[in-house]
Amino acid sequence: MTDIRKVPAAAGARWLMAGFTVWRSAPLRLGQLGMLFGLVVMLGVTLSALNPALGIVLQLLILFAVPVMMGGLIWAVREAEHGRLPRPGHLLEGTRNGRMPHLMLAVLPYFLAGIVLGLLQLLLVGQEGVQRWLDVQQELQQLSQSGQQVSQERLYELAATLPVYRTLLWMAISVLTTLAVALMLALMLPQVMFEQRNGWQALAASLRAGLANLPAMVVLYASVLVSLVALNIAAFVVLLVVSLILGPALGLVLILMLYTGTLLPVLAGAVYAAWKDLFAVPELPTAGSPAPARQDVFEA
């Protein structure tokens with residue numbers, strides 16, 4: 001069984017700062033990889049919108065490509081940390097040494113969680129209950145738009161017709177399920193990339209590490225949210241200025257490229273730092289040398 005370290009809650013913020021530090025060590029190179037990552041996703045989304053017939057296929061391809069490219073970006077982060085130059089080809093590192101099918105398993109928890117929560121919603125709330133929530137929401141919106149004041153008695157009458165407790169139970173289960181999925185995926189990719197661990201083992205080990213260090217993971221997610229708010233404000237201000245010069249459409253594309261060129265490498269660096277901190281990291285292969293093969297990883 002994988003050795004998992006116990007770290008203080010403050011480690012979550014330290015991981016994010018480590019992500020910023022490694023990005024600053026090679027901002028152009030890592031930014032280039034982040035922008036290329038974002039460009040591939042944007043291109044797929046655009047093509048799926050232009051060609052609805054291929055839309056579902058393209059969206060599925062993007063969905064499976066994202067963890068593979070993110071694994072490659074984490075690989076590039078390690079290269080930068082070791083003083084080597086990240087290269088665009090590193091985004092494809094997840095396709096080598098049989099890693100790709102294990103990386104693509106990162107999509108599975110989303111599907112399973114969606115199916116389970118959908119079934120639970122039908123069992124706990126039911127179609128009639130969901131429709132009743134929609135009807136009450138529509139009625140309240142109509143009263144608000146008409147300027148009428150909703151009496152307290154009327155609110156009680158509407159609430160009495162709603163499956164409140166069953167809905168709250170479903171919402172609580174949804175929150176716990178979302179947390180479990182987030183913990184399963186948080187540290188999965190570096191295990192597959194660097195330890196040659198198979199996807200199922202990586203998901204289980206990531207969940208164990210996340211639960212054992214839940215305060216640190218919560219601090220990490222909270223720090224990421226705060227950073228996102230600050231980055232969004234800065235991006236909005238820059239977008240206004242750039243749009244006046246280059247036009248709204250080109251300005252939006254440019255800002256999205258700069259956004260992904262900053263955000264994605266920083267997140268990859270934070271995940272890499274968390275993996276090193278929580279796991280008993282083995283001796284890593286040097287650049288250009290193949291990773292040691294394992295029986296649970298299929299060679300390409």
Side-chain angles (χ1 to χ4, degrees), residues 12-52 54-56 58-59 61-63 65-74 76-77 80-81 85-88 90-91 110 137-138 140-141 144-145 147 178 182 185-186 189 217-274:
R14 188 174 68 244
W15 298 333
L16 186 60
M17 292 304 299
F20 278 106
T21 300
V22 73
W23 175 76
R24 287 199 302 267
S25 68
L28 294 180
R29 292 278 184 164
L30 289 174
Q32 180 185 30
L33 294 184
M35 286 187 284
L36 184 59
F37 191 145
L39 183 61
V40 171
V41 175
M42 288 174 57
L43 183 61
V45 172
T46 303
L47 291 177
S48 64
L50 294 176
N51 192 338
L54 296 176
I56 297 179
L58 288 173
Q59 290 175 13
L61 288 176
I62 294 172
L63 192 63
V66 164
V68 176
M69 290 191 295
M70 193 64 183
L73 189 56
I74 294 173
V77 163
E81 185 196 48
L85 290 179
R87 304 190 309 271
H90 285 149
L91 281 182
Y110 290 112
Q137 181 183 11
Q138 184 177 8
L140 291 176
Q141 287 179 349
S144 177
Q145 292 173 359
T178 302
L185 298 176
L189 300 182
M217 298 303 296
V218 171
V219 170
L220 173 62
Y221 291 138
S223 301
V224 169
L225 288 177
V226 172
S227 300
L228 282 176
V229 171
L231 187 59
N232 284 332
I233 295 174
F236 179 74
V237 173
V238 175
L239 177 61
L240 292 178
V241 177
V242 174
S243 297
L244 294 176
I245 302 173
L246 302 177
L250 189 57
L252 180 59
V253 172
L254 179 60
I255 290 301
L256 286 176
M257 290 295 96
L258 294 176
Y259 193 89
T260 55
T262 303
L263 177 63
L264 292 179
V266 169
L267 291 179
V271 170
Y272 175 68

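Sorted by first then second residue, the salt bridge (Lys or Arg N to Asp or Glu O under 4.0 Å) pairs that include residues 218-237, not counting sequence neighbours, number zero. Residue pairs that meet the side chain to side chain donor-acceptor pair (under 3.5 Å) test with at least one member in residues 15-24, sequence neighbours left out, are Trp15-Asp277. Applying the side chain to side chain donor-acceptor pair (under 3.5 Å) test to residues at least two apart or on different chains, the pairs with a partner in residues 247-262 are Asn232-Tyr259.
Nearest heavy-atom pair, Leu91 versus Leu33, reported as atom, atom and distance to 0.1 Å: CD1-O, 3.8 Å. Taking each heavy atom of Ser48 and Leu58 in turn, the nearest pair found is N-CD1, 3.6 Å. Among all heavy-atom pairs drawn from Val22 and Glu81, the shortest one is CG2-N, 4.0 Å. Across Leu30 and Ala80, no two heavy atoms sit closer than the pair CD1-CB, 4.2 Å. Minimum interatomic distance between Ala268 and Val77 (heavy atoms only, all atoms of both residues): CB-CG2, 3.8 Å. Nearest heavy atom pair, residue Met217 against residue Ala186, reads CE-CB, 3.6 Å.
Of the inter-residue distances, the one linking Leu258 atom CG with Met35 atom CE reads 6.5 Å to the nearest 0.5 angstrom. Once rounded to the nearest 0.5 Å, the distance linking CG of Leu185 with CE of Met70 reads 11.5 Å. In this structure, CG on Leu16 lies 12.0 Å from CZ on Arg14, to the nearest 0.5 angstrom.
In this structure the side chain of Val271 reaches within 4.5 angstrom of the side chain of Ile74, judged on heavy atoms.
Every residue meeting the side chain to side chain contact (heavy atoms under 4.5 Å, CB included) condition with Gln137, not counting sequence neighbours, appears here in chain and number order: Leu134, Gln141. With sequence neighbours excluded, no residue satisfies salt bridge (charged side-chain N to carboxylate O under 4.0 Å, His left out) with Arg29.
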Sequence neighbours left out, cut at 3.5 Å: what donor-acceptor pairs do the side chains of residues 218-231 make with other protein atoms?
from   : atom 1 : to     : atom 2 : distance (Å)
Tyr221 : OH     : Ala182 : O      : 3.2
Ser223 : OG     : Val219 : O      : 2.7
Ser227 : OG     : Ser223 : O      : 2.9

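Within a 6.0 Å sphere centred on CG of Leu50, other residues, nucleotides and ligands contribute more than 12 heavy atoms.
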